[in-house]
Student: 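Below: one structure in structure tokens.
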Amino acid sequence: MTTADPNLLQRCSIRLAQGSLRIGNQLQGVHLIRDINLLETISHVTHERIPERVVHAKGSGAYGTFTVANEANFNIADYTDADFLQQDARTTDLFARFSTVVGERGSADSVRDTRGYAFKLYTKDGNLDWVFFSTPTFPIRDGGKFPSFVHCQKRNPQTGVRDPTTGRTSFMSRNPEAFHTLMYIFSDAGTPRSYNYAMIHSVNTYKFTKIKPPQIGSNDVQEEFHYVKLRFIPKLGVQNLNQAEAERLAGQDPDAYQRDLIQSIAMGQGPGWTVQAQIIDPKDVANYPVNIFDPTKTWPESVTPFRTFGSIDLNSIPDDFFEQVEQASFNPANVVPGWDVSPDPNTNFTYQQKVLQTRLFAYGSAARYRLGINNQQLPVNSARKNASPYNPTKRDGAGYVNSLLPRVQPNYFPAQGAPPRVLPQDVNIAAADLDQWSGGVIAYKSTVVDDDYTQPREVWESYKAAGTDETFVENVAMSLKNADFDVRQQTYGKFSWVRDFLHE
Ligand code: HEM
């Protein structure tokens with residue numbers, strides 16, 4: 001009657017794994033509260049679920065490495081003093097999670113959507129998260145629109161059904177800054193062959209930073225920076241499904257992308273990406289042809305070419321999906337010295353963008369709700385043991401284990417005899433004019449101008465040149481076929497800003 005399993009329930013053996021202790025015979029008996037196994041295992045199964053991510057709920061994860069691989073006559077270390085980028089061929093371990101945006105945890109992988117690509121690089125200076133997309137742009141440029149942007153793609157709050165009248169097109173047609181992103185989502189790039197075959201883009205603008213040594217006779221340490229966008233090119237090539245193939249696959253195998261990721265790694269043929277950067281000097285921003293902080297825009301390659309500086313390769317899969325993939329939490333606010341967020345500066349541009357700044361709050365908030373205040377101590381999220389700096393004031397709270405902190409350390413700083421936990425010197429990070437702000441509070445709402453359609457038109461011309469324009473129109477039509485007349489008209493009307501042909 002005894003089944004010994006030392007790994008369960010505080011390591012005590014299970015006495016009655018599949019039955020229960022009861023008084024009385026057979027089915028007429030009543031349970032005993034001393035049936036510890038029954039009480040513990042039932043309590044555990046009723047607590048198994050945690051909230052799924054409000055977006056990007058369906059995802060897959062894998063481990064791998066980032067390797068510095070500079071192209072000829074280029075050295076990324078000229079722009080950043082991020083430790084992990086200082087030497088060619090230096091490798092850094094990483095964890096990656098790939099996802100769809102809209103669907104719930106059980107939804108199909110191959111539906112038309114953007115794909116999320118999140119990377120956690122376990123650097124010596126702590127964790128750096130790159131939380132990126134398959135599309136080069138984002139549909140909104142004001143964080144205040146994010147709740148509506150999410151809800152419009154989710155289920156109708158009355159019926160629980162996802163329907164096109166309350167859906168993506170209804171919202172987007174009233175927020176035409178989204179149309180550049182829709183140009184990508186409604187091409188076959190909206191249904192990649194699997195996660196392994198898609199482009200990856202940072203979308204938001206970040207900064208590479210580098211500390212300049214003090215001038216002779218001065219102690220003033222200055223930080224110089226360059227604005228940067230990243231792009232990763234799949235080593236397996238970009239491969240997409242058409243609408244019919246994607247629909248068939250969604251029915252046949254909703255987990256097809258996840259399966260492909262796992263199987264390709266198991267066979268030693270895991271996916272990889274070549275990592276590239278577009279880099280802009282802050283002094284060139286004012287006269288740049290587009291607002292470089294607008295996530296609905298791309299930076300023209302003809303003006304700012306991509307430079308290759310690294311490679312990402314995935315080589316192993318987590319041994320516990322819930323522990324490592326479901327409990328992973330990424331955050332663009334997880335930065336390391338040498339990489340920083342862009343400030344979305346308030347210059348003389350006609351509108352401001354606050355998407356990245358909204359994100360800096362949103363991900364930590366989501367992680368605290370989903371995983372608790374000590375989410376960063378979960379093994380997949382925590383910095384590696386050899387990472388030097390840490391913050392001793394982040395102590396206690398539910399689920400606190402903190403095996404990474406040296407024992408017997410004060411929970412404040414500076415403290416007598418404690419090791420250094422802060423950067424050795426104060427740095428003047430407000431070095432550039434673009435980082436100086438002043439002004440009053442304004443209630444701001446972004447407006448759409450004709451120039452917002454310039455890049456969508458360019459994308460449309462590229463489809464015509466490649467012969468994929470018909471496919472794009474079919475994909476739009478398929479997604480709108482069940483929508484209300486008004487929504488269809490509104491959407492086609494907005495696409496006519498892109499090109500009259502689409503309106504016909
Ligand atoms: C205002 C804009 C945005 C807000 C407020 C926002 C917020 C969120 C939230 C709350 C989550 C769930 C996090 C969690 O539960 O752990 C999430 C996930 C994610 N977001 Fe965003 N997001 C925004 C824009 C973007 C953009 C522009 C990108 C890409 C460039 C992006 C990429 C991702 C990815 C890849 C994930 C999944 C992370 C994972 O695998 O756990 N998001 N976002």
Student: Taking Lys229 for the side chain and Val203 for the main chain, is one N or O donor matched with an acceptor at less than 3.5 Å?
Tutor: yes
Student: Counting only N and O atoms by type, is there a donor-acceptor contact under 3.5 Å from the side chain of Arg359 to the main-chain atoms of Val131?
Tutor: yes
Student: Looking at every non-hydrogen atom in both residues, tell me the closest pair between Phe186 and Ser479 and how far apart they are.
Tutor: CE2-OG, 3.2 Å
Student: Which residue, Ile312, Asp313, Ile265, Asp260, forms the side-chain contact (heavy atoms from CB on, under 4.5 Å) with Pro271?
Tutor: Ile265
Student: Looking at every heavy atom in both Asn381 and Ala328, which two are closest together, and how far apart are they?
Tutor: OD1-CA, 3.4 Å
Student: Could you state the interatomic distance from NE2 (His56) to CZ (Arg105), rounded to the nearest 0.5 Å?
Tutor: 16.0 Å
Student: Where the side chain of Arg115 meets the backbone of Gly190, is there a donor-acceptor pair that is under 3.5 Å apart?
Tutor: yes
Student: For the residue pair Phe309 and Phe208, categorise the inter-ring angle as parallel (less than 30°), tilted (30 to 60°) or perpendicular (more than 60°).
Tutor: perpendicular
Student: Give the ring-plane orientation class for Phe95 versus Tyr63, where under 30° counts as parallel, over 60° as perpendicular and anything between as tilted.
Tutor: tilted
Student: Does the Asn175 side chain pair with the main chain of Met172, one donor and one acceptor, at a distance under 3.5 Å?
Tutor: no
Student: Is it the case that the side chain of Asn70 and the backbone of Ile76 share a donor-acceptor pair, with hydrogens and angles ignored and the cut-off at 3.5 Å?
Tutor: yes
Student: Just by distance, do the side chain of Thr80 and the backbone of Ala77 share a donor-acceptor pair under 3.5 Å?
Tutor: no
Student: Specify the closest pair of heavy atoms between Asp125 and Pro337, including all atoms of both residues, with the distance to one decimal.
Tutor: CB-CD, 3.8 Å
Student: Given 3.5 Å as the limit, does a donor-acceptor pair link the side chain of Arg53 with the main chain of Ala367, or not?
Tutor: no
Student: So which atom in Gln276 and which in Phe306 form the shortest heavy-atom distance, rounded to 0.1 Å?
Tutor: OE1-CB, 3.5 Å
Student: Centres of the Tyr288 and Tyr227 rings: under 6.0 Å?
Tutor: no
Student: Evaluate the ring planes of Phe132 and Trp130, with Trp represented by its six-membered ring, and classify them as parallel (under 30°), tilted (30 to 60°) or perpendicular (over 60°).
Tutor: parallel
Student: Spell out, as yes or no, whether a donor-acceptor pair under 3.5 Å connects the side chain of Ser342 to the backbone of Thr205.
Tutor: yes
Student: Does a side chain donor of either Thr137 or Thr181 reach within less than 3.5 Å of an acceptor in the other side chain?
Tutor: yes
Student: Assess whether a salt bridge exists between Lys207 and Glu223, defined as any Lys/Arg side-chain N lying under 4.0 Å from an Asp/Glu carboxylate O.
Tutor: no
Student: Please walk me through it: do Asp142 and Lys354 pass salt bridge (Lys or Arg N to Asp or Glu O under 4.0 Å)?
Tutor: CA-CA 5 Å; Asp142 193 315; Lys354 295 294 168 203; over 6 Å; no
Student: Show the nearest heavy-atom pair for residues Thr304 and Gln278, with the distance to one decimal.
Tutor: O-NE2, 2.8 Å
Student: Is a side-chain donor or acceptor of Ser99 paired with a backbone partner of Gly59 at a separation under 3.5 angstrom?
Tutor: no
Student: Please name the residue in the list Phe66, Phe119, Tyr117 that meets the ring pair (Phe, Tyr, Trp, His ring centres under 6.0 Å) test with Phe232.
Tutor: Phe119
Student: Would you sort out whether Gln455 and Met183 count as a side chain to side chain contact (heavy atoms under 4.5 Å, CB included), showing the intermediate values?
Tutor: CA-CA 10 Å; Gln455 291 194 343; Met183 295 301 294; over 6 Å; no
Student: Quiz question: by atom type and distance under 3.5 Å, do the side chains of Asn374 and Gln377 form a donor-acceptor pair?
Tutor: yes
Student: So does Lys58 pair up with Asp113, basic N to acidic O under 4.0 Å?
Tutor: no
Student: Does a donor on one side chain and an acceptor on the other come within less than 3.5 Å for Ser329 and Asn331?
Tutor: no
Student: Are Phe138 and Phe149 close enough that their ring centres sit under 6.0 Å apart?
Tutor: yes
Student: Between Lys235 (side chain) and Thr274 (backbone), is there a donor-acceptor pair under 3.5 Å?
Tutor: no
Student: Charged N to carboxylate O below 4.0 Å: is that the case for Arg259 and Asp109?
Tutor: no
Student: Checking side chain to side chain contact (heavy atoms under 4.5 Å, CB included) for the pair Phe330/Asn127: CA distance, chi angles, key distance, verdict?
Tutor: CA-CA 10 Å; Phe330 298 87; Asn127 291 350; over 6 Å; no
Student: Search all heavy atoms of Val228 against all heavy atoms of Ala277 and return the closest pair with its distance.
Tutor: CG2-CB, 3.9 Å
Student: Does atom CZ of Phe361 have more than 12 heavy-atom neighbours from other groups under 6.0 Å away?
Tutor: no
Student: Report the residues that fulfil salt bridge (charged side-chain N to carboxylate O under 4.0 Å, His left out) with Arg193, sequence neighbours left out, ordered by chain and then residue number.
Tutor: none
Student: Just by distance, no angles: are the side chains of Gln324 and Asp319 close enough, under 3.5 Å, to form a donor-acceptor pair?
Tutor: yes
Student: What do the steps show when you test Phe225 against Tyr206 for side chain to side chain contact (heavy atoms under 4.5 Å, CB included), and what is the final call?
Tutor: CA-CA 10 Å; Phe225 67 85; Tyr206 292 86; over 6 Å; no
Student: Taking atom types as modelled, find out whether Thr100 and Tyr257 have a side-chain donor-acceptor pair closer than 3.5 angstrom.
Tutor: no
Student: Would you please test Lys210 and Asp78 for salt bridge (Lys or Arg N to Asp or Glu O under 4.0 Å) and show each step?
Tutor: CA-CA 8 Å; Lys210 200 167 169 69; Asp78 292 341; 5.9 Å; no
Student: Apply side chain to side chain contact (heavy atoms under 4.5 Å, CB included) to residues Asn386 and Lys124 and explain how you reach the verdict.
Tutor: CA-CA 6 Å; Asn386 62 357; Lys124 190 172 113 334; 5.6 Å; no
